[in-house]
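Heads up: numbering here begins at 1 and tracks the sequence. Just so it is clear, the structure is predicted and the values come from calculations on it, not from any experiment. Atoms considered below: every heavy atom in the structure, side chains included; atoms not considered: hydrogens, waters and symmetry mates.
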Amino acid sequence: MMNSMNSSSYGHNVSTVVRDSYSTAVAKNVIVMSLGFIINYINGSLVHTFRKHQIFYMNPRYILFIHLVVNDMIQLTTTINLFVLSYIFYKINASLCCMIITFAVFTTINSPLNLAVMAVECYIAICLPLRHAELCTVKKTYILIGWIWATSAVTTLPDVFLILATKPMQFFFSTIFCERDNLFRHPLSIKKRNVSYIIYLVGVWLFLFYTYFQIFFAAKAAKSAKGDAKKARNTILLHGFQLLLCILTYIFHVVLQGLLYLFPKSPLNVSFACYIIIQILPRLVSPIVYGLRDKTFRQHLKKHLLWTSIKP
């Protein structure tokens, strides 16, 4: 029997279980897995295209983009597996849950940080074109990617260490409903999460606004580069839209509680809608920003999507 998600777990009360009907549960899982398959297929094609052409993996912009794509694939696969498991088993082993949640949190934090770095690279290309080759090298790009993962580790791993230090050994052999607030329930974890999310929100948005307005002013000052600057501004705006979707994760509880207040009779449908908007939709935007809008990438991508080979 396929079990539903526990809607009350988001409100830190796991004693009440609300279940979807069998047909509703099947429909939701089919929707989620279908979207996941489509997005991962497109993203997989982007990764395949990237690996086949040297022009991409020698360009910092494409390296950052493909890192975002791979990160989104991991995040999407992890959260979909967690979604499906919540229906099949409802509760899973706490150790397995800890591993899944850690991967999900890592990749979720990586996304807005990666978008901020991509916005800065776009700013340098338009506003500091003579220094772009000096500042944006392949080596520095990989170092920045390492710093992105290090920042996520600093944010996430203390929660894991806190569980190891405070929970009895029996906890790791028990079964729980696998949700972050059921796992990282220590008050220090909650306070650290709130503080770090505020820092990320403020920092990333400052980066985005600064780069956007600098590119906007550069477009007015240099009419010869108006086309490139306009394209860069549109890219930054798409980054902003994607970032807005990503950072909804940081205020997920506020959004969810507000929607539950408006629709108190549909907690499971509200939770499902939030999952689609917050976890899946941002992963659909990533291929559009660079993969489909970028002329060079689009030309090569079409050949791989249409199963045609590139003749030497």
When hydrophobic residues are tied together by side-chain contacts of less than 4.5 Å, even through go-betweens, does [X] share a cluster with [Y]?
{"X": "Val69", "Y": "Tyr142", "answer": "yes"}
{"X": "Val84", "Y": "Met99", "answer": "yes"}
{"X": "Leu188", "Y": "Val105", "answer": "no"}
{"X": "Tyr275", "Y": "Ile74", "answer": "yes"}
{"X": "Ile143", "Y": "Val117", "answer": "no"}

Do any N or O atoms from the side chain of [X] and from the backbone of [Y] form a donor-acceptor pair under 3.5 angstrom?
{"X": "Asn29", "Y": "Ala25", "answer": "yes"}
{"X": "Asn194", "Y": "Ile190", "answer": "yes"}
{"X": "Asn182", "Y": "Phe177", "answer": "yes"}
{"X": "Ser95", "Y": "Phe172", "answer": "yes"}
{"X": "Thr155", "Y": "Thr151", "answer": "yes"}
{"X": "Lys91", "Y": "Cys178", "answer": "no"}
{"X": "Ser196", "Y": "Arg193", "answer": "yes"}
{"X": "Lys140", "Y": "Glu134", "answer": "yes"}

If you look at every heavy atom in [X] and [Y], which pair is closest and at what distance?
{"X": "Pro60", "Y": "Cys136", "result": "CG-O, 3.1 Å"}
{"X": "Leu183", "Y": "Ile163", "result": "O-CD1, 3.4 Å"}
{"X": "Leu64", "Y": "Asn114", "result": "O-ND2, 3.2 Å"}
{"X": "Ser189", "Y": "Asp159", "result": "OG-OD1, 3.0 Å"}
{"X": "Ile63", "Y": "Thr141", "result": "CG2-CG2, 3.7 Å"}
{"X": "Leu46", "Y": "Ile66", "result": "O-CD1, 3.6 Å"}

Exercise for the section: Could you label the plane-to-plane angle of the Phe37 and Tyr41 rings as parallel, tilted or perpendicular, counting under 30° as parallel and over 60° as perpendicular? Expected result: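 Answer is parallel, since the angle falls under 30°.
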
Handout entry: Pairwise distance CD1(Ile126) to CD(Glu121) - rounded to 0.5 angstrom
Key =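 Interatomic distance, Ile126 CD1 to Glu121 CD, rounded to 0.5 Å: 9.0 Å.
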
Exercise for the section: Please find out if less than 6.0 Å separates the ring center of Tyr62 from that of Phe50. Expected result: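 Ring-ring flag for Tyr62/Phe50: false, centres at least 6.0 Å apart.
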
Problem - Atom CZ of Phe103 with >12 non-hydrogen neighbours under 6.0 angstrom - result: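 No, the 6.0 Å shell around CZ holds no more than 12 heavy atoms from other groups.
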
Problem - side chain to side chain donor-acceptor pair (under 3.5 Å) between Asn93 and Thr175, worked out - result: CA-CA 4 Å; Asn93 178 265; Thr175 58; over 6 Å; no

